[in-house]
Amino acid sequence: MTVGRATVLPTYTTPLIGREAEVQAILTQLADPALRLLSLVGPSGTGKTRLALHVAQVVAEQFPDGVRLLSLSGITDPALLLPTLAAGLDIREKNARSLLSTLATVLQNQRCLLVLDALEPDQAIAEQLSLFLEHVSSVVLLVTTPLTLDLPHEHVLEVPPLPTPDSAPMSSIGLMQDIPAVRLFIERMQAVQPQFMLSQDNALAVAEICQRLQGMPLALELVATHSGALQPGDLLVLLRNHLSMALYTERIKGMGSSVLQPVLSWCTAMLPPDTRNLLLRLSVFPDSWTEDVIGPVCYGEPTTSPVLRERFGVLLTKHLVLETVLPDGSFRYSMLDAVRQFAALMLRHQRLDTSLEQMHANTYRLLAQKVAAQAEQTASINHVLIEQPNFRAALHWALEEQAAATAAEISGKLWRIWLRAGMISEGRFWLEHTLALSEPVLPELRQLVLHGAGSLALAQGDSTAAIHWLEQSLELGRQAADVIAQIRTAHNLATLLRDVGQLEQASIYASEAVGLCRQAEQLSLLGTCLSTQATIYWYQGDNATAIQLLDESLEQRRAQHDVLGVATTQGQLGAIFLLMRELDKAAPLISASLEQFQALRHPLGTIGCQINQGLLDICRRQSAAAQRNLWESLERSRALDYTPGLIASIEAWGQLAALEQQPLTAVHLLAQASALRQQSLLPVPPPEQAWLSQVEAALKADLGAAAFQTAWDAGLVLSFEASLKLLPGNATAEWPTLQQGFID
């Protein structure tokens, strides 16, 4: 799998000024093939982000797998670093792999550049980044941060302010215009006053402005943007009092740059009081936002009024708020980190409204409810991904304030989308922290969070935690007499326990789910629960009961016009008859199931049916047909990084090699599949184990015990790519994104 050829960077309409030396230094570093991490270090306002993005655009063609910008603003918990990297790279967590393992697999041999903006120099976060670098060897990181990270792979480039004029008067206006701070100030002044030019009349004032602003790019831009119709001399007079640093550093602590604080104070002082108040309140957003939430978040109003929109427009004009147009034509808004930091400090200093974070959390609690109602839609997943920084901030506030109900409503509503978006580690982080809160919540809310925690734990292969959370969820469902919740949770527990081999307990939960479906006449769920109950009987060796239950499941699903359910049940019946060697019964069921899955464009169902079709071809000694089906199933599994499909395909290829009198190849492949099962914590289902045992016994008899063991040991250490070289066939097209099969 690949992250694709993706260069996702914002564009600028203004040129980068005065950074020629720094650009060349960074390009020289990036040309070194051994470089892993380059940190651009400096205080807020020096233009680190602008510099990094400029260089990233220049070197984009050198990175065949793309360049990405990932904002880490607001990431203060080390547990959220890797999930943020994965989400920013469109990488989904897969099966039982750890997120780090998934990142390492997907990014293996991918030559790409990641621009990590606004990374906090926190030791625990830096350690997570170091761990990422150890496992992902081909990715280069370009990081902007206030301080060095002190990591083994780190190269550091200090980003200083721009050079300013000397205190002595310049002999030539032309020479003065070449000084970087002056060039930037002139360029930004001309954006406000198109006729502005450097002259003998204003040169001394421009020089003093650049000196007083210490060559800080953001300070120069803000002063020029707020100049209005003022000429440099008048502008300088107004600035002098506000640039008295001692006055402001005594009043407000926390700004990283001494000059930015008075400049930002001056800019905000020039705003009307209500507009300034809005700016300070907007600092509650950790990353970006939409216009419609300004009223609810900043003032607790149901909508954003025309008056608020007018004030907001002023902030846009003054460049204190930035506007971004998304590919779909919608708009999002944000603040530079330095502006947000200053506004947040001023807000705290003036104690304007202690309920601001609560209003923010409440707004995104309501949004979580809205998007959860459309969880099946791709647009809903995309909405959550772009708003994830706001959901994080809301959850952080809820956890810190012990607001368990708010945390439960947000995490409980979003877990299905997190699951579908592959944000499993982060989702589990929030759900389990919510469950740890001591404040009681409504039983139905806690049941929802427990169900989500169990489902995400299961998605990570953590069956112990999954059983723990799901059993608590089921008990709450029983206490609340919530039949639907009981059915879903009992069914999922049955599925989980079946897959980890606890068949007796699985059977109890499956019976409970089926009984509740019949009692409450939940026919839409009955077919699924009957199907799961049938597989448990099948795993226990009771084929007759399994077939009987699947026949009833098929009838129910047809009555409900459940096309996907019909395809699934027919495939299960076909698999049972296949393993019973009743090929005439198996063939039409497998064929019909495969046709239905293909019509539905359901990748996982198609993969499973193609593997069974390949095994059916093997039983009929039709090698060419088996090769075609097994190669397609293998390629589709690879395209989706679908581990169960990869393993089952390789096992079937091993059986095909045995049929074609290639016993050593057969043993190598079966051993490789066994090794993958151990790594992925995916045991062989009991019915298939009996089949594979027969194949292995025949190979051992053919080769002899010693030769079989030698070949098996060689197969265990065989790489996956090496095992593919043993297989004939051609690549197929990629298929759509896989879907989850759990009842949620």
Side-chain angles (χ1 to χ4, degrees), residues 538 567-568 570-663 665-674 676-677 682 684-685 687-696 698-699 715 720 723-735 738:
W538 183 32
T568 301
Q570 286 184 324
Q572 290 172 316
L573 278 166
I576 291 177
F577 286 124
L578 173 62
L579 293 181
M580 292 172 64
R581 301 299 201 278
E582 295 188 26
L583 305 186
D584 290 341
K585 291 182 179 179
L589 289 163
I590 293 172
S591 177
S593 180
L594 177 58
E595 183 178 342
Q596 289 166 328
F597 279 127
Q598 289 176 330
L600 292 167
R601 295 185 64 80
H602 190 285
L604 301 195
T606 299
I607 289 168
C609 284
Q610 283 192 311
I611 293 169
N612 283 337
Q613 184 64 56
L615 291 170
L616 183 63
D617 295 332
I618 291 171
C619 291
R620 290 175 164 174
R621 298 184 174 276
Q622 297 174 347
S623 295
Q627 286 182 10
R628 182 177 63 255
N629 282 301
L630 295 180
W631 182 259
E632 289 185 7
S633 69
L634 183 64
E635 284 298 290
R636 285 175 174 144
S637 297
R638 291 184 74 196
L640 294 171
D641 196 22
Y642 178 50
T643 303
L646 289 171
I647 293 171
S649 295
I650 294 173
E651 287 171 343
W653 273 105
Q655 296 173 60
L656 179 59
L659 173 66
E660 295 183 340
Q661 304 300 311
Q662 300 175 31
T665 297
V667 176
H668 286 155
L669 292 171
L670 293 174
Q672 165 70 187
S674 176
L676 286 173
R677 282 194 179 278
L682 293 172
V684 183
E688 296 175 25
Q689 181 62 67
W691 178 303
L692 287 172
S693 296
Q694 293 176 16
V695 175
E696 292 169 12
L699 289 169
F720 179 73
S723 69
L724 293 184
K725 294 179 181 178
L726 304 174
L727 312 177
N730 296 301
T732 59
E734 291 189 9
W735 277 59
L738 66 158

Asks: Okay, side chain of S693, backbone of Q689: is any donor-acceptor separation there less than 3.5 Å?
Replies: yes
Asks: So which atom in S633 and which in Q610 form the shortest heavy-atom distance, rounded to 0.1 Å?
Replies: N-OE1, 3.5 Å
Asks: About how many Å separate CG of L656 and CD1 of I650, when rounded to the nearest 0.5 Å?
Replies: 13.5 Å
Asks: How long is the span from the CG atom in L594 to the CG atom in L589, to the nearest 0.5 Å?
Replies: 12.5 Å
Asks: Where do I611 and N629 land on the side-chain contact (heavy atoms from CB on, under 4.5 Å) test, with the steps shown first?
Replies: CA-CA 7 Å; I611 293 169; N629 282 301; over 6 Å; no
Asks: Atom CD in E688, atom CD in E651: separation rounded to 0.5 Å?
Replies: 7.0 Å
Asks: Verify, without hydrogens or angle tests, whether T606 (side chain) and H602 (backbone) share a donor-acceptor contact under 3.5 angstrom.
Replies: yes
Asks: Could you pull out the closest heavy-atom pair between G614 and A626, with the gap in Å?
Replies: O-CB, 3.7 Å
Asks: I'd like to check L692 versus Q655 (side-chain heavy atoms, cut-off strictly below 4.5 Å). Are they in contact?
Replies: yes
Asks: Measuring from atom CG of L669 to atom CD of Q662, what distance do you get when rounded to the nearest 0.5 angstrom?
Replies: 9.0 Å
Asks: Heavy atoms, side chains only, cut-off 4.5 Å: are I576 and Q572 in contact?
Replies: no
Asks: Counting heavy atoms not belonging to E582, are there more than 12 under 6.0 Å from its CD?
Replies: yes
Asks: What are the two closest non-hydrogen atoms of S623 and E660, and how far apart are they?
Replies: CB-OE2, 3.3 Å
Asks: Got a sec: does the CZ of R581 have more than 12 other heavy atoms crowding it under 6.0 Å?
Replies: yes
Asks: Report yes if some heavy atom in the side chain of F577 is under 4.5 Å from a heavy atom in the side chain of I590; otherwise report no.
Replies: no
Asks: At what distance, to the nearest 0.5 angstrom, does CG of L579 lie from CG of L615?
Replies: 8.0 Å
Asks: Mind checking the CG-CZ spacing from L634 to R638? Nearest 0.5 Å is all I need.
Replies: 6.5 Å
Asks: Give me the atom names and distance for the closest heavy-atom approach of A592 to Q570.
Replies: CB-OE1, 3.7 Å
Asks: Compare every heavy atom of L578 with every heavy atom of A586, then report the nearest pair and how far apart it is.
Replies: CB-N, 3.6 Å
Asks: If every non-hydrogen atom of L682 is compared with every non-hydrogen atom of P644, which pair is closest and at what distance?
Replies: CD1-CG, 3.8 Å
Asks: Counting only N and O atoms by type, is there a donor-acceptor contact under 3.5 Å from the side chain of S649 to the main-chain atoms of G645?
Replies: yes
Asks: So, are R628 and E632 salt-bridged, with charged N and O less than 4.0 Å apart?
Replies: no
